[in-house]
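Accompanying notes for the structure given below.
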Amino acid sequence: MITPPTEDPRWRFPIHGAEDPSSTGEGTTPGSFAHRADIGGPLTFSSPDTPGMPGPSTSTAWDFLPAGWTIEATDGPESGCGGHNRAAIGDWIRAIPPAGFEAITQLEQARLGVVTPEMTRVAEREPHLTAFQVRDEVASGRMVIPANRNHLEFELDPMAIGRASKTKINANMGASPVSSSTDEEVEKLKWAERWAADTVMDLSTGGDLDATREAIIRNSTVPIGTVPIYSMIIGRKIEDLDEPMIMETLEHQAAQGVDYFTIHAGVRKAHIPLVRDRLIGIVSRGGSLLAKWMLTHDAENPMYTAWERICEIMRRHDVTFSIGDGLRPGGLADATDAAQLGELEALGELTERAWRCGVQVMIEGPGHVPFDQIEFNMKLQRRLCHGAPFYVLGPLVTDMFPGYDHITSCIGATAAAYHGASMLCYVTPKEHLGLPKRDDVKQGCIAYKIAAHSADIALGIPGTRDNDDELTKARAALNWQKHFDLSFDPDTARAYHDEDLDVDTDFCAMCGHDWCSVRISKEIQEFASGKAEGFDRGKTVRSDALTAEQQEILEKRGVLSPDEIHKLANKAKKKLPTDHGKANCHSDFVDPDEAKRIQGETLVQLNVAPAHNLPSHDPLI
């Protein structure tokens with residue numbers, strides 16, 4: 001728990017007991033303003049409620065056991081679960097199924113008090129959690145481990161989605177009838193994994209769907225999700241869809257190893273009239289297809305009516321539900337409307353029914369929501385779906401920036417993750433415009449990693465700020481190489497730096513030597529800034545020649561000509577006198593007076609002492 005600094009009578013920090021996201025507590029910030037972590041309870045890592053927000057549900061997956069199951073107390077965490085809402089039974093409990101029952105899914109194993117190898121692996125990847133806590137969160141329904149038993153036979157590295165774990169991001173990809181191929185999709189899969197996508201959804205609607213899906217599953221280390229209705233209607237009209245077709249497709253994809261299915265079972269026949277006055281109708285492909293089916297047949301959604309049969313297939317392979325939001329808003333003008341919230345209520349019912357069948361569940365959420373409505377959407381889902389993990393697309397907080405929707409949406413995604421979402425579905429610059437290419441995948445992943453990481457720090461998840469603090473120390477020490485090594489994308493950081501100055505010295509091209517506040521802070525002896533052990537930069541060094549990837553980054557920027565990029569390694573060397581191959585304008589490498597003379601004559605002539613309210617020969621510097 002954070003101990004706030006001595007409070008100034010002019011203000012009071014809104015401290016709610018959250019952990020410091022730094023393992024060492026370094027720096028001067030008061031830390032997270034989030035709630036105290038409630039792992040094992042309905043709030044877990046959570047934001048304080050704005051007045052009027054829906055409170056958490058009092059129910060969990062423990063309230064929706066299969067018929068004939070009972071619950072008994074156990075002696076401790078080795079044999080039973082904590083983090084439940086059955087305190088009257090005992091601190092540690094487990095479910096007792098009927099005789100002869102065989103547990104298959106992660107949820108069923110957790111209910112029996114079992115810690116699976118997948119739960120152990122999740123705890124290794126989430127060092128703030130124990131394997132017992134992972135099991136308890138899965139048993140409560142607040143966490144899922146999407147790990148199809150068939151995919152585990154290949155390269156899948158188990159991970160978890162839930163509020164007790166760090167926020168995850170998903171990357172969408174898939175061939176369309178007019179673009180991409182199986183090889184290109186596998187390449188994009190590996191590219192998305194490189195840029196830290198935690199799961200990938202194959203949304204192919206063209207090409208050889210079966211071969212593409214098979215190739216992605218066999219090559220992926222992350223869970224793979226699909227929207228099976230796309231395959232169900234290949235070569236046929238949506239009106240011809242029937243229950244046998246649904247079950248055949250689900251069984252086939254589950255046997256292939258798909259880890260989670262998006263199924264739009266919450267779009268009910270009664271919801272369709274609520275869409276009539278929307279500016280942009282139904283924007284979900286699955287939702288629009290099923291709406292057309294219901295209108296054609298004047299019947300209820302077949303995914304809804306066949307839910308328990310679908311659950312049987314899901315359970316057999318341990319496929320996780322990602323219950324689709326077929327009525328999500330496609331523009332701000334339609335956000336948080338009766339259709340969207342009516343479907344969300346149905347998703348809560350479907351969650352309860354899936355839990356009774358032993359199937360893991362997460363819920364999909366809206367894609368276009370005004371910023372002020374995001375918290376309400378997150379916390380209403382938490383209540384109606386009893387804490388099941390929320391997986392949201394964006395949301396976009398404005399609709400007028402096509403080509404930049406990875407930015408408009410990651411703003412909303414940060415708020416969503418802070419207020420309740422467990423996984424964020426990325427949006428790329430190509431959203432609304434076309435199928436994402438390789439660089440679009442990278443841009444979407446990075447934007448959403450920023451959103452997820454920012455929310456985790458704000459929530460006070462232990463250790464999430466550690467790398468930020470290390471990079472800050474490197475920045476304060478003007479240790480450029482360490483600065484780049486600690487960054488999420490070292491190649492881009494290095495390329496942007498060397499675009500202006502290809503020497504690692506005690507300033508950058510943004511300020512120059514005399515105006516560098518970081519250098520001045522480092523030189524003030526009374527300041528800790530720039531003096532962390534192990535971060536001393538040493539002497540000025542010329543950076544290495546650009547790698548091929550760094551050259552490509554600068555070529556795409558278009559700031560430098562091809563010739564300038566080619567000559568970048570010699571730029572500063574040609575401009576300034578050198579000694580042993582190093583530019584001599586840097587005060588930490590040559591005689592200070594000589595460096596000052598060269599800088600004054602060659603680069604810039606400034607007297608910045610008055611700007612810092614310092615005499616020209618300040619004794620502190």
Side-chain angles (χ1 to χ4, degrees), residues 39-40 60-86 89-126 129-154 156-165 223 254-255 257-261 311-322 351-362 386-389 422:
I39 298 173
T60 71
W62 285 104
D63 297 296
F64 304 100
L65 296 175
W69 287 47
T70 59
I71 300 174
E72 68 174 10
T74 71
D75 296 332
E78 293 77 13
S79 57
C81 298
H84 54 79
N85 59 341
R86 296 301 185 92
I89 298 176
D91 292 336
W92 308 97
I93 63 173
R94 67 182 170 204
I96 304 299
F101 174 82
E102 179 185 356
I104 296 176
T105 70
Q106 297 288 329
L107 175 58
E108 291 171 339
Q109 299 273 12
R111 284 169 163 170
L112 301 183
V114 175
V115 174
T116 65
E118 292 73 35
M119 297 172 194
T120 300
R121 175 59 181 147
V122 167
E124 292 172 354
R125 301 182 69 180
E126 306 271 357
L129 296 175
T130 67
F132 290 146
Q133 289 175 317
V134 172
R135 175 203 58 196
D136 297 351
E137 289 297 295
V138 172
S140 73
R142 291 187 295 265
M143 178 179 284
V144 298
I145 301 176
N148 185 311
R149 290 155 67 94
N150 304 303
H151 195 181
L152 286 169
E153 296 177 4
F154 300 116
L156 178 64
D157 189 5
M159 51 80 75
I161 302 165
R163 287 298 282 178
S165 64
V258 175
D259 300 290
Y260 62 95
F261 288 156
C311 286
E312 290 175 10
I313 295 173
M314 307 278 278
R315 176 183 177 270
R316 192 154 55 241
H317 301 276
D318 197 6
V319 180
T320 299
F321 273 118
S322 182
T351 298
E352 297 169 7
R353 290 166 62 184
W355 282 343
R356 289 194 188 281
C357 295
V359 182
Q360 300 184 91
V361 177
M362 58 183 170
H386 314 302
S422 298

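One-based numbering along the sequence shown.
- Expressed to the nearest 0.5 Å, how far CG of N150 lies from CZ of R316 amounts to 11.0 Å.
- Looking only at atom types and distance, the side chain of Q106 has a donor-acceptor partner in the side chain of T116 under 3.5 Å away.
- Formation of a donor-acceptor pair under 3.5 Å by the R135 side chain with backbone atoms of T130 is not found in this model.
- Here the side chain of R86 pairs no donor or acceptor atom with the backbone of I93 at under 3.5 angstrom.
- In this view, D157 and R121, R125 satisfy the salt bridge (Lys or Arg N to Asp or Glu O under 4.0 Å) rule, not counting sequence neighbours.
- The salt bridge (charged side-chain N to carboxylate O under 4.0 Å, His left out) pairs that include a residue from residues 107-120 are E108-R315, where partners are two or more places apart or lie in different chains.
- D259 contributes a side-chain N or O that, together with a main-chain N or O of N148, makes up a donor-acceptor pair within less than 3.5 Å.
- R356 meets the side-chain hydrogen bond (donor to acceptor under 3.5 Å, both in side chains) test with no other residue; sequence neighbours excluded.
- Distance alone, capped at 3.5 Å, places no donor-acceptor pair between the H84 side chain and the G40 backbone.
- When each of I71, T74, L112 is paired with R94, the side-chain contact (heavy atoms from CB on, under 4.5 Å) condition holds for T74 and for no other.
- In terms of the side-chain hydrogen bond (donor to acceptor under 3.5 Å, both in side chains) criterion, residue partners of S140 (sequence neighbours excluded) are, by chain and number, R142.
- Note on ring orientation: taking the six-membered ring where Trp is involved, the planes of F64 and W355 are tilted (angle from 30° to 60°).
- Every salt bridge (Lys or Arg N to Asp or Glu O under 4.0 Å) that R353 has, sequence neighbours left out, goes to E308, E349.
- For R149, the salt bridge (Lys or Arg N to Asp or Glu O under 4.0 Å) criterion is met by no residue, not counting sequence neighbours.
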Working for side-chain contact (heavy atoms from CB on, under 4.5 Å), residues I96 and F101: CA-CA 9 Å; I96 304 299; F101 174 82; over 6 Å; no
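- Judged purely by atom type and a 3.5 angstrom limit, Q360 uses its side chain to pair as donor or acceptor with the backbone of I145.
- Taking CG of N85 as the reference point, atom NE2 of H386 lies at 10.5 Å (rounded to 0.5 Å).
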